[in-house]
Amino acid sequence: MSDDAQTPNANFKPRIFSGIQPSGGLTLGNYLGALKRFAQKQDEGIETIYCLVDLHAITVWQDPEALRRNTREAAAAFIASGVDPKRSILFNQSQVSAHAELAWLLNCVARLGWMNRMTQFKDKAGKNAEKASLGLYAYPALMAADILLYHATMVPVGEDQKQHVELTRDIAAKFNHDFKTEFFPAPEPLIEGAATRVMSLRDGTKKMSKSDPSDASRINLTDDAGTIAKKIRKAVTDPEPLPSELDGLKDRPEARNLVNIYAALADMTPAQVLGEFGGEGFGKFKPALAELAVAKLAPISDEMTRLMNDPAEIDRILGDGANRADEIAQPILARTLEIMGMIRSR
Ligand code: ATP
Ligand code: MG
């Protein structure tokens, strides 16, 4: 679908945009698939814009008080994971109204047939799609707006978001084609590392998700050491020992998941992990994994707690980020409206 998105990105300055929904407490999947890499990208010296996408969160019901708290907590998680709000732009989406405005324009570019192919809508709407919000259906067009509003060229995401970034490329290409312009770049999804899709601890075929009804399915960034160890100990696995070669994990999704998590946390490859643990049973591997997870996550969760004690400071950081985001977004929105033929006379 996206091979026709051939906009030359050479004309655009490298810029990273990504977001996380403040739709609940963040998980190990969010950390390994997103936050950890967000901090690495910032440290590579690329301009980085990170967003708490509260307008996406409300595509399913959010209790207002919980949404406010989750937004601040997610901001704290970014900072605790190494995103520096001075070097990166960190803000919540609804403070920059251009996201919603560009989303409307792109709603009129995106095709129903494209939206109907989005697997996340099918997963989240489930059997009762008639009762899903219109926003949940339109979500990918808002995500395209988030990215294109900054002319972002790269989007670090987990595997589950690849289809939405590809849709963004299609929307950009159609806009450029329909209006005979090269205004929007074709952003690339950056999906790297051993943990691009961390799976549920209860079911190795389902992605770990903050909105899964079972808390035992995920490790939350705010879980204490005892809870993390217990969840890993109880993680569903098979009775076989770990293989020495990657091939041996092929039909063992639960085992593969735990090996991938270990690798990502330890900055090793899965093959190196098997080099160390091949032949061992889970009785040995799970405690080692729990110890590693606690060692890596405890400093993050401690720092989050510290930051959450000063919500006014978090709000100030988000406001500052929103001002800086707005400065980039406004001219791009204005130019988009102009290209589409809207009169701008004030
Ligand atoms: P929700 O269930 O509300 O959709 P989520 O856990 O999927 O929550 P998102 O806010 O949708 O989280 O995604 C934020 C980022 O985290 C995205 O880049 C997404 O690809 C990444 N991500 C989410 N879950 C995982 C996972 N299990 N493994 C790796 N990356 C993930
Ligand atoms: Mg998600």
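In listed order, ligands and their atoms are each counted from 1. The structure displayed is predicted, hence computed values, not measured ones. Just so you know, these numbers use all the heavy atoms, side chains as well, and skip hydrogens, waters and symmetry mates. Count residues from 1 along the sequence.
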N/O to N/O below 3.5 Å, does that happen between [X] and ligand 1?
| X | result |
| --- | --- |
| Glu159 | no |
| Met208 | yes |
| Ser18 | no |
| Gln21 | yes |
| Ala34 | no |
| Lys210 | yes |
| Gly19 | no |
| Gly29 | yes |

Between [Y] and [X], is there a salt bridge with N-O shorter than 4.0 Å?
| X | Y | answer |
| --- | --- | --- |
| Arg68 | Glu65 | yes |
| Asp212 | Lys207 | no |
| Asp315 | Arg72 | yes |
| Asp203 | Lys206 | no |
| Asp170 | Lys174 | no |
| Asp215 | Lys231 | yes |
| Lys162 | Glu159 | no |

Can you report which non-hydrogen protein atom sits closest to [atom], along with the distance?
| atom | value |
| --- | --- |
| atom 14 (C) of ligand 1 | Ile20 CG1, 3.6 Å |
| atom 17 (C) of ligand 1 | Gln161 CG, 4.0 Å |
| atom 13 (O) of ligand 1 | Asn30 ND2, 3.9 Å |
| atom 19 (C) of ligand 1 | Asp160 OD1, 3.5 Å |

Those atoms of ligand 1 less than 4.0 Å from some heavy atom in [X]:
| X | value |
| --- | --- |
| Gly158 | 18 (O), 19 (C), 20 (O), 30 (N) |
| Val157 | 18 (O), 20 (O) |
| Thr196 | 28 (N), 29 (C), 30 (N) |
| Val198 | 26 (C), 27 (N), 28 (N), 29 (C) |
| Ala195 | 29 (C) |
| Gly33 | 29 (C), 30 (N) |
| Lys207 | 5 (P), 6 (O), 7 (O), 23 (C), 24 (N), 25 (C), 27 (N) |

Tell me whether ligand 1 is touched by [X] - counting only heavy atoms on the residue side and a distance under 4.0 Å.
| X | result |
| --- | --- |
| Thr27 | no |
| Leu32 | no |
| Lys124 | yes |

Measure from the side-chain N and O atoms of Asp224 to the backbone N and O of Thr227, and report whether any donor-acceptor pair falls under 3.5 Å. yes

Donor-acceptor check, side chain of Asp146 to backbone of His99, threshold 3.5 angstrom: yes or no? no

Can you tell me which residue pairs pass the side chain to side chain donor-acceptor pair (under 3.5 Å) test with a partner in residues 245-263, sequence neighbours excluded? Asp238-Arg252

Mode of Ser23 contact toward ligand 1 - side chain, backbone, both, neither (heavy atoms, under 4.0 Å): side chain

Scan the side chains in residues 289-304 for donor-acceptor partners under 3.5 Å anywhere in the protein, sequence neighbours excluded, and list what turns up.
residue	atom	partner	partner atom	Å
Glu303	OE1	Arg306	NE	3.0
Glu303	OE2	Arg306	NH2	3.0

Apply side chain to side chain donor-acceptor pair (under 3.5 Å) to Thr48 and Ser88, showing your working. CA-CA 5 Å; Thr48 41; Ser88 292; 2.7 Å; yes

Determine whether Tyr31 and Asn220 satisfy the following criterion, side chain to side chain donor-acceptor pair (under 3.5 Å), listing intermediate values before the conclusion. CA-CA 9 Å; Tyr31 175 66; Asn220 304 300; over 6 Å; no

Ring geometry between Phe183 and His151 (parallel below 30°, tilted from 30 to 60°, perpendicular above 60°): perpendicular

